[in-house]
Amino acid sequence: MSGHHHHHHDHDHGHAHAPARHDRAFAVGIALNLGFVGLEAWWGVAANSLALLADAGHNLSDVLALVLAWAASILERRAASHRRTYGLGRATIWASLINALALLVAVGGIGWEALGRFSHPQSVEGGVVMAVATLGIIINTGTALMFMKGAAGDLNVRGAFLHMAGDAAVSAAVVVAALLIGLTGWWWLDPAISLGIAVIIAWSSLSLLKESVNLSLDAVPAAIDLDAVERFLAGREGVGGLHDLHVWPLSTSRAALTVHLVMERMPDSDEFLHHLAEELEHRFGIGHATIQLERGDGGRDCRLAAAHGP
């Protein structure tokens, strides 16, 4: 398109090191939970408790989920290449998708076991199980808290948070059920509480799954209001119109934008573009902006103006 000016502005440097903040949380969480899995398995054998052994297996799967999420966050920080020009940030989207599916599988296992216990009640183990479950609450809650701050802005971190929070809730259910059964003798409380916890985890997991699928299909990230972005761009001084506006995720914490702006008058310098890119990052968290400026003259519309709406 002759006469058009194409400008690219990348402000990802503000986000490039953001995932590194969680490295310690991943390392500590994995170490603590691996130790807990070993302890739980040992006590499960010693106390002849199938419930403890099953929970150890479940916790081991959550350790693998943490490893997957951490690996994805490391890949996100790798530099782009000629082959992968956007880098490997999408690994975080796939990690969150896999973790969402893993959470639903775990919920299905909890629900299946709970339903089985309604028809075949089992005695809840005594002090050993309660002590181990209490330790599980402490470890999993502590790990979840390390991820809680980043969970709102990063779907990959939210997946790790939900795994740990879910484990803490299951451990709490074991303790509460054991206490209430000891007081009332109602064995059905054990599976009933487990089912309640499973429903709560499933609800959160479905939300994580839905957003992960959307991001994998290049949907606008949920935290970004596309209409607000369009209004902001259209309201800039000198902008007469816009089209071919796209916003999509580069990872679970980074977003990109492309847009064509039809200018009533062209800016005298690149300062207009620098300021626009900075505002897009500050207002909407869009750190990678590619903006094409068009004069809209010559009697010929941009060939993408009709193909894509604004």
Side-chain angles (χ1 to χ4, degrees), residues 1-23 26 68-100 150 153-159 211-226 229-230 232-233 242-262 267 270-294 302-305 307-310:
M1 279 170 268
S2 60
H4 293 174
H5 294 267
H6 176 263
H7 293 270
H8 171 264
H9 205 293
D10 189 342
H11 263 238
D12 278 340
H13 64 266
H15 294 280
H17 302 291
R21 293 199 309 265
H22 304 294
D23 280 350
F26 278 120
L68 176 65
W70 191 13
S73 74
I74 291 172
L75 288 175
E76 181 184 5
R77 302 198 294 272
R78 291 187 60 177
S81 66
H82 288 292
R83 175 71 172 172
R84 295 180 175 86
T85 56
Y86 277 124
L88 295 170
R90 285 213 167 235
T92 58
I93 297 175
W94 286 104
S96 64
L97 180 60
I98 293 170
N99 276 334
D154 189 332
L155 204 63
N156 187 40
V157 175
R158 192 197 306 175
E211 195 167 345
S212 298
V213 169
N214 282 335
L215 290 186
S216 69
L217 296 174
D218 285 340
V220 177
I224 297 175
D225 183 343
L226 189 63
V229 173
E230 183 181 349
F232 166 76
L233 292 171
L242 63 94
H243 55 268
D244 201 39
L245 171 61
H246 299 277
V247 176
W248 72 98
L250 295 177
S251 72
T252 52
S253 61
R254 297 166 56 224
L257 170 148
T258 59
V259 67
H260 294 205
L261 299 182
V262 180
D270 287 344
E271 188 58 34
F272 169 80
L273 288 164
H274 292 311
H275 178 70
L276 194 56
E278 288 168 359
E279 285 295 298
L280 284 169
E281 182 173 26
H282 175 70
R283 291 170 179 257
F284 306 105
I286 299 172
H288 188 111
T290 303
I291 302 165
Q292 178 163 304
L293 302 183
E294 300 174 358
C302 172
R303 63 187 181 86
L304 293 177
H308 302 278

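Position 1 is the first residue of the sequence; numbering continues from there.
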Which heavy atom of Glu76 sits nearest to which heavy atom of Ser253, and what is that distance? OE2-OG, 2.9 Å
One pair to check against side-chain contact (heavy atoms from CB on, under 4.5 Å): Leu257 and Leu245. What are the steps and the verdict? CA-CA 7 Å; Leu257 170 148; Leu245 171 61; 3.8 Å; yes
Working to the nearest 0.5 Å, report the span between NE2 of His260 and NE2 of His243. 5.5 Å
Can you name the residues that form a side chain to side chain donor-acceptor pair (under 3.5 Å) with Ser96, not counting sequence neighbours? Ser212
Check Pro267 against Phe272 and note the closest heavy-atom contact, atom names and distance. CB-CB, 3.7 Å
Would you confirm whether Ser251, through its side chain, and Thr92, through its main-chain N or O, come within 3.5 Å as a donor-acceptor pair? no
Show the nearest heavy-atom pair for residues Pro249 and Ala219, with the distance to one decimal. CD-O, 3.3 Å
Within this structure, what is the NE2-CG distance for the pair His246 and Leu226, rounded to the nearest 0.5 Å? 10.0 Å
So, using side chain to side chain contact (heavy atoms under 4.5 Å, CB included) as the criterion, who are the partners of Ala95 when residues are at least two apart? Leu68, Ala72, Asn156
One pair to check against side-chain contact (heavy atoms from CB on, under 4.5 Å): Leu97 and Leu215. What are the steps and the verdict? CA-CA 9 Å; Leu97 180 60; Leu215 290 186; over 6 Å; no
Do other residues, nucleotides or ligands put more than 12 heavy atoms under 6.0 Å from Trp94 CH2? no
What one should report as the nearest heavy-atom pair of Leu88 and Arg78 is CD1-CD, 4.0 Å
CD1/Ile93 to CD/Glu211 distance, rounded to the nearest 0.5 angstrom? 10.0 Å
Using side-chain heavy atoms (C-beta onward) and a distance below 4.5 Å, is Trp248 in contact with Thr258? yes
Phe284 vs Val247, test: side-chain contact (heavy atoms from CB on, under 4.5 Å). Steps then yes/no. CA-CA 11 Å; Phe284 306 105; Val247 176; over 6 Å; no
Nearest 0.5 Å please: distance from the CG atom of Asp244 over to the CG atom of Leu261. 11.0 Å
Whether Phe26 and Trp70 hold their rings parallel, tilted or perpendicular, with breakpoints at 30° and 60°: parallel
Rounded to the nearest 0.5 Å, what separates atom CG in Leu273 from atom CG in Leu293? 5.0 Å
Roughly how far, to the nearest 0.5 Å, is NE2 of His275 from NE2 of His282? 10.0 Å
Please find the pair of heavy atoms, one from Ile286 and one from Ala256, that lie closest to each other, and give the distance. CG2-C, 4.0 Å
Nearest heavy-atom pair of Leu233 and Leu276: which atoms, and what distance? CD2-CD1, 3.9 Å
